[in-house]
Number of protein chains: 2
Amino acid sequence: MTIQEAPVARRDRLSRARVLQAAMALADDGGIESLTMRRLGEELGVGPMALYRHVANKDDLIDAMVDVVFGEIGVPSFNGDWKSAMRDRAIGVRHALLRHRWAIGIMESRANPGPANLQHHDAVIGCLRAGGFDIAMAAHAYSVLDSYIYGFAATQKNLPFTAEDAGEKAETMLQPFAAGAYPYLTEMLADHIMQPGYDYGDEFELGLDLILDGLDERIRRAR
Amino acid sequence: MTIQEAPVARRDRLSRARVLQAAMALADDGGIESLTMRRLGEELGVGPMALYRHVANKDDLIDAMVDVVFGEIGVPSFNGDWKSAMRDRAIGVRHALLRHRWAIGIMESRANPGPANLQHHDAVIGCLRAGGFDIAMAAHAYSVLDSYIYGFAATQKNLPFTAEDAGEKAETMLQPFAAGAYPYLTEMLADHIMQPGYDYGDEFELGLDLILDGLDERIRRAR
DNA sequence: ACCTGAACACCGTTCAAGT
DNA sequence: ACCTGAACACCGTTCAAGT
């Protein structure tokens with residue numbers, strides 16, 4: 001008479017993948033500070049302690065999330081031209097950081113890099129070496145490129161001045177500006193940064209090409 | 001008979017300056033995560049709530065701390081040579097970030113820049129303008145330099161591989177390396193990064209000069 | 001094997017109350 | 001004016017207990 005209970009048993013069992021996915025979603029829309037073990041459990045319909053079966057702790061969770069981002073970035077494709085490969089790779093990293101803004105400031109400072117992270121960086125170095133960089137030059141290139149890419153993302157993240165919030169800021173903070181306390185800054189903001197067509201994001205490729213050109217020149221000189 | 005109580009009244013009254021100083025000391029030796037309102041109160045011999053008379057909240061406190069760091073950095077001294085002025089300034093910022101490692105990742109992403117911050121950046125832009133940069137070029141220079149400086153500090157902060165902890169890491173994380181999973185990374189680490197004379201910090205000036213040379217070339221081309 | 005209840009040792013912040 | 005006691009609404013994490 002009684003119908004056998006459906007074999008689904010518990011419709012959505014917890015798994016490391018599900019925990020990771022929910023954690024990414026939480027951080028993607030609310031920032032890293034909205035990712036708490038309690039809220040994550042709530043999102044998944046379990047208590048916060050259930051998560052500890054699938055991740056060692058919050059740090060382990062974030063390590064795994066960072067590796068997901070590196071997985072999304074993938075590896076640079078070397079087709080004989082290190083410069084365009086490194087250019088595409090830099091833009092790819094930047095786009096990943098725009099999709100996952102919580103990763104800015106987290107990504108580059110993890111103590112325990114995951115496999116996707118290591119594979120990515122191995123491929124970057126491999127691409128440089130194939131492009132004619134010796135070990136020391138590859139280390140320089142790696143350093144200057146990654147510093148720039150992550151630094152740009154960090155400085156852009158909470159840029160005090162954007163065209164959008166120019167209005168509200170103007171009332172409070174910008175009073176000393178009118179008084180002429182910061183003439184050069186005022187000029188740059190009024191006549192450049194806050195002009196309609198300006199987008200700080202466009203500065204990225206300018207700086208990137210400057211660095212790539214500089215590396216190119218040093219490579220040629222070494223040959 | 002009773003001696004008049006010493007006029008010191010309360011030997012160390014709280015003040016914004018004292019709170020700031022104690023907060024800096026706490027963050028300097030324990031990192032930003034060791035700076036809590038409760039611990040800060042303890043350090044000053046008061047309850048955590050007493051602090052709220054001198055700072056609006058923790059964010060306001062950190063804003064003030066960041067401005068102290070900008071104050072320490074000071075303003076670049078322009079003596080007719082923008083390149084050496086910007087070089088010295090970059091190295092000055094880097095040294096400040098080494099003294100106050102907690103400021104890395106915090107410094108560049110404050111929503112409310114303080115007066116020392118604004119004054120510093122006004123002077124940087126002024127130096128570039130005096131050196132012959134038009135507004136757009138000054139914005140590019142500012143962007144690429146600061147991105148690099150802060151990015152370098154961030155990537156160095158928790159560098160997974162240092163000569164010191166090479167030993168302990170080797171046991172656990174580096175197993176796939178031996179298996180040849182990351183040949184280029186392995187080569188770079190073994191034959192370069194972990195060699196006795198190597199110090200990642202030395203990469204800073206190499207990248208800095210690459211960027212300064214690139215800016216110099218673009219300035220000359222524009223003239 | 002997997003999840004929960006209850007607890008521990010923390011957080012930032014507020015607010016009425018004391019002096 | 002300046003500090004405190006007590007409380008609120010949170011944290012991450014552990015551990016014995018349940019199924």
Side-chain angles (χ1 to χ4, degrees), chain A residues 2 4-27 29-66 102 105-106 109-112 158, chain B residues 4-27 29-66 102 105-106 109-112:
Chain A
T2 63
Q4 174 107 31
E5 194 141 24
V8 281
R10 306 192 75 191
R11 195 162 43 77
D12 14 23
R13 268 291 249 350
L14 228 49
S15 69
R16 194 170 221 266
R18 285 221 319 132
V19 170
L20 214 51
Q21 201 174 350
M24 298 276 295
L26 221 47
D29 15 292
I32 197 72
E33 75 278 8
S34 81
L35 173 64
T36 72
M37 299 304 269
R38 300 176 116 94
R39 197 130 38 158
L40 182 53
E42 205 173 310
E43 207 77 13
L44 290 162
V46 299
M49 350 68 169
L51 303 169
Y52 287 84
R53 183 148 307 266
H54 301 98
V55 296
N57 50 39
K58 194 176 181 180
D59 238 52
D60 176 43
L61 171 61
I62 293 176
D63 279 339
M65 291 167 68
V66 166
W102 56 265
I106 308 260
S109 58
R110 287 280 90 188
N112 295 305
N158 279 3
Chain B
Q4 176 108 30
E5 195 144 18
V8 282
R10 305 191 77 190
R11 194 164 42 77
D12 15 23
R13 269 290 247 352
L14 228 46
S15 69
R16 194 172 221 264
R18 283 218 324 129
V19 170
L20 214 52
Q21 200 175 349
M24 298 275 296
L26 220 46
D29 21 290
I32 196 73
E33 75 277 7
S34 80
L35 173 64
T36 73
M37 300 302 270
R38 299 175 116 96
R39 197 130 38 156
L40 181 53
E42 206 175 308
E43 208 77 13
L44 290 163
V46 299
M49 350 68 167
L51 303 170
Y52 287 84
R53 183 149 308 269
H54 301 97
V55 296
N57 49 39
K58 195 177 179 180
D59 238 52
D60 176 45
L61 171 62
I62 294 176
D63 280 337
M65 290 166 69
V66 166
W102 56 265
I106 308 258
S109 59
R110 287 280 91 190
N112 298 304

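Chain A is the first sequence line, chain B the second, and so forth, proteins listed ahead of strands; every chain is numbered from 1.
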Re D:dT13: Watson-Crick or G-U wobble partner, both distances kept under 3.5 Å, found to be C:dA7
Whether A:His54 contacts C:dC3 is assessed here as follows: a side-chain N or O lying under 4.0 Å from the phosphate OP1 or OP2. Is that the case?
yes
Nucleotide D:dG12, atom C1' - distance to CG of A:Asp60 in whole Å
14 Å
Counting C-beta onward and ignoring hydrogens, is there a side-chain heavy-atom pair between A:Asp60 and A:Asn57 closer than 4.5 Å?
yes
What distance do B:Met24 atom CE and B:Leu35 atom CG have between them, rounded to the nearest 0.5 Å?
10.5 Å
For B:Arg13 and D:dC3, give me the distance from atom CZ to atom P, rounded to whole Å.
6 Å
Value in whole Å for how far the P atom of D:dC2 lies from CZ of B:Arg16:
14 Å
Map A:Arg38 and A:Pro48 onto DNA chain C by nearest heavy atom, then report which one ends up closer to the 5' terminus.
A:Pro48
Can you measure A:Arg18 atom CZ to C:dC2 atom P for me and round it to whole angstrom units?
14 Å
From NZ of A:Lys58 over to C1' of D:dG12, roughly how many Å is that when rounded to an integer?
8 Å
Please tell me if the side chains of B:Leu26 and B:Glu43 come closer than 4.5 Å, counting only heavy atoms from C-beta onward.
yes
Select one nucleotide: of C:dG12, D:dT14, C:dC15, the one nearest the side-chain heavy atoms of B:Met49.
C:dC15
Report the residue (A:Met37 or B:Val46) whose heavy-atom-nearest nucleotide on DNA chain D is the more 5′ of the two.
B:Val46
Quick one: which of C:dC15, D:dG12, C:dC3 gets closest to the side chain of A:Leu14?
C:dC3
For the P atoms, the ones on D:dA9 and on C:dA9, what distance do you get once it is rounded to whole angstrom?
22 Å
Can you tell me the Watson-Crick or wobble partner of C:dG18, both distances under 3.5 angstrom?
D:dC2
Distance test, side-chain N/O of A:Arg39 to OP1/OP2 of D:dC11, below 4.0 Å:
yes
Expressed as a whole number of angstroms, how long is the span from A:Ile32:CD1 to D:dG12:P?
11 Å
Nearest to side-chain heavy atoms of B:Tyr52, which nucleotide of C:dT13, D:dC15, D:dT4
C:dT13
To the nearest angstrom, how far is A:Leu51 atom CG from C:dG5 atom P?
14 Å
Interatomic distance where CZ belongs to A:Arg53 and C1' belongs to D:dG12 [whole Å]:
17 Å
CD1 (A:Ile32) and CE (A:Met65) are apart, to the nearest 0.5 Å, by 5.0 Å
With a 4.5 Å heavy-atom cut-off, do A:Leu61 and A:Leu51 have their side chains touching?
no
